[in-house]
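Below you'll find the structure, written out as structure tokens, and then a few comments.
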There are 2 protein chains.
Amino acid sequence: MSISGEKQEKTGLSLDTLFELSEFFKFFGDTTRIRIIEILLSGEISVNEIAEKLNLGQSAVSHQLRILRTAGLVKPRRVGRTVFYALDDEHIGLIFNTGLAHILHKKGE
Amino acid sequence: MSISGEKQEKTGLSLDTLFELSEFFKFFGDTTRIRIIEILLSGEISVNEIAEKLNLGQSAVSHQLRILRTAGLVKPRRVGRTVFYALDDEHIGLIFNTGLAHILHKKGE
DNA sequence: ACAAAATATGAACACATGTTCATATATAGA
DNA sequence: TCTATATATGAACATGTGTTCATATTTTGT
């Protein structure tokens, strides 16, 4: 009755899970955040250095870092008055690179 | 002079590429689109069937399908007056599952 | 050709989101 | 304690985005 049913059953992911998944991808869906993530792929770096590299205001960067920090994608380490940020999760680089591989692949067609 | 430089060089991704990457992830950053993608992982399906499964209006679904279609993530096939949609790119499932693995991993901590 | 069914699309509206500006907090040094 | 530096945060503002409603388009059957 499960396999021979008249309609194909769904994968079984809950609405909550799918919502969380879309919320997760949202973090990658902003140019500033993606650029921050790319920088962090090279290692730990301070807020001001990020702002300089991105040519953005310190406030804008700090706001985005808070979003990434709250989401657990990024982890702060305080040294004196400067705060260094690093990627908190090994998967972040994987997802970044998977997406990157996709668009590079698309370009090469 | 490249390896022993005083500052670490960047990965070398252009602003354009990083912008495209964030735009790409944006497609996954919406609950409705993620749910559509999940449904399409099970195979081709018509617009109305998607709307029924999602309990959403036909218009809302059609609008989202247009976004996914324009982005090349989804491909239409017309049969009579009904249009069946399917994932156009093999990578879509990979990215979906990579993100899914991440949040499921996070939950299990 | 006409009516019905399936899908697409434009406009309007509500809501989310990112940046800026001003200011607060925290830490180091004198 | 006072000042300077680094970062964080709240409010305001502008822009982007998704849904709804109405309507257009496409195709089938009569």
Side-chain angles (χ1 to χ4, degrees), chain A residues 7 15 18-40 44-88, chain B residues 15 18-40 43-88:
Chain A
K7 296 217 173 178
L15 273 180
L18 289 169
F19 177 74
E20 284 179 52
L21 188 53
S22 64
E23 289 298 303
F24 174 67
F25 280 122
K26 222 170 255 188
F27 298 124
F28 295 84
D30 174 77
T31 309
T32 299
R33 286 194 296 270
I34 268 286
R35 292 175 72 198
I36 290 177
I37 290 170
E38 193 233 315
I39 289 178
L40 294 185
E44 217 184 33
I45 187 175
S46 75
V47 177
N48 269 341
E49 286 179 303
I50 294 175
E52 285 168 20
K53 288 202 179 202
L54 299 188
N55 216 34
L56 278 179
Q58 174 267 323
S59 182
V61 172
S62 191
H63 275 297
Q64 296 304 332
L65 283 172
R66 183 168 57 80
I67 292 175
L68 295 171
R69 175 174 14 105
T70 302
L73 303 194
V74 134
K75 168 181 55 181
R77 183 173 70 93
R78 176 151 230 144
V79 177
R81 34 194 169 184
T82 109
V83 177
F84 294 92
Y85 277 89
L87 295 180
D88 188 25
Chain B
L15 273 180
L18 289 169
F19 177 74
E20 283 179 52
L21 187 53
S22 64
E23 289 299 304
F24 173 66
F25 279 121
K26 222 170 258 189
F27 298 125
F28 295 83
D30 174 76
T31 308
T32 299
R33 286 193 296 269
I34 270 285
R35 292 175 73 196
I36 290 177
I37 290 171
E38 195 233 321
I39 288 177
L40 295 184
E44 218 183 34
I45 187 176
S46 76
V47 178
N48 269 341
E49 285 178 303
I50 295 175
E52 285 168 18
K53 289 202 178 204
L54 299 189
N55 216 35
L56 278 179
Q58 174 267 323
S59 182
V61 172
S62 191
H63 276 297
Q64 296 304 332
L65 283 172
R66 184 169 56 79
I67 292 175
L68 294 172
R69 173 173 17 102
T70 302
L73 303 194
V74 134
K75 170 181 54 180
R77 184 174 69 93
R78 176 150 230 145
V79 177
R81 35 192 169 185
T82 108
V83 177
F84 294 93
Y85 278 89
L87 294 181
D88 188 23

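Numbered from 1 within each chain, the chains take letters A, B, ... in sequence-line order. It should be emphasised that the depicted structure is a prediction, and the values quoted were computed from it without experimental measurement.
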Closest approach to the side chain of B:Ile67, judged atom by atom: which nucleotide of D:dG18, D:dA6, C:dA8 is it? D:dG18
Tell me the interatomic distance from B:Arg77, atom CZ, to C:dA8, atom P, rounded to whole angstroms. 14 Å
Hey, which sits more toward the 5' end of DNA chain C by its nearest nucleotide, A:Val79 or A:Asp30? A:Asp30
Please report, rounded to the nearest Å, how far the C1' atom of C:dA6 is from the CG atom of B:Leu65. 13 Å
Using the six-membered ring for Trp and the full ring for Phe, Tyr or His, decide whether B:His63 stacks on the six-membered base ring of D:dT19 (centres under 5.5 Å, planes under 30°). no
To the nearest angstrom, how far is B:Asn55 atom CG from D:dG18 atom P? 19 Å
Relative to the ring of B:Phe25, is the ring of A:Phe25 parallel (under 30°), tilted (30 to 60°) or perpendicular (over 60°)? parallel
Atom CD1 of B:Ile34 to atom P of D:dG18: distance rounded to whole Å? 13 Å
Checking A:Arg78 side chain against A:Gly80 main chain: does a donor-acceptor pair fall under 3.5 Å? yes
Taking OP1 and OP2 of D:dG16, is either one under 4.0 Å from a side-chain nitrogen or oxygen of B:Lys26? no
Short side-chain N/O contact to D:dT25 OP1/OP2 from B:Arg81, under 4.0 Å: no
Taking NZ, NE, NH1 and NH2 as the nitrogens, is one of them in A:Arg35 or A:Glu38 under 4.0 Å from a carboxylate oxygen of the other? no
From the options C:dA6, D:dA6, C:dT19, select the nucleotide whose nearest atom is closest to the side chain of B:Thr82. C:dA6
Validation row: A:Phe84, A:Thr82 side chains within 4.5 angstrom (heavy atoms): yes
Measure CZ/B:Phe84 against P/C:dA6 and give the value in whole Å, please. 11 Å
B:Gln64, nearest nucleotide to its side chain (from C:dG18, D:dA8, D:dG18): D:dG18
Just how far, in rounded Å, is P of D:dT7 from CD1 of A:Ile36? 13 Å
I need the CZ-P distance between A:Arg66 and C:dT25, as an integer number of Å. 16 Å
What's the CD-C1' distance between A:Glu52 and D:dT7, to the nearest Å? 14 Å
Taking only the side-chain heavy atoms of B:Ser59 (C-beta and beyond), determine which of D:dA8, C:dG10, C:dA6 contains the nearest atom. C:dG10
Can you spot which of A:Glu44, A:Arg77, A:Arg69, A:Lys75 makes a side-chain hydrogen bond (donor to acceptor under 3.5 Å, both in side chains) with A:Tyr85? A:Arg69
Any side-chain heavy atom of A:Phe24 sitting closer than 4.5 Å to one from A:Leu73? yes
Counting just side-chain N and O atoms, does B:Tyr85 come under 4.0 Å of either OP1 or OP2 of C:dA8? yes
Can a side chain N or O of A:Asn48 be found less than 4.0 Å away from OP1 or OP2 on D:dT7? yes
Which of these, B:Ile50, B:Asp30, B:Val74, sits in a side chain to side chain contact (heavy atoms under 4.5 Å, CB included) with B:Ile36? B:Ile50
Contacts under 3.5 angstrom, residues 55-68 of chain A side chains, donor-acceptor by atom type, not counting sequence neighbours:
residue	atom	partner	partner atom	Å
A:Gln64	OE1	A:Arg33	NH1	2.7

A:Ser62 side chain, from C-beta outward: closest of C:dG18, D:dA6, D:dT9: D:dT9
Which sits closer to the 5' end of DNA chain C, A:Arg78 or A:Arg33, going by the nucleotide each is nearest to? A:Arg33
Less than 3.5 Å between a donor and an acceptor, one on the side chain of B:Gln58 and one on the base of C:dA8, is that the case here? yes
Can you pull out how bent the helix from C:dA1-D:dT30 to C:dA30-D:dT1 is, comparing the axes over its first five and last five pairs, to 10°? 20°
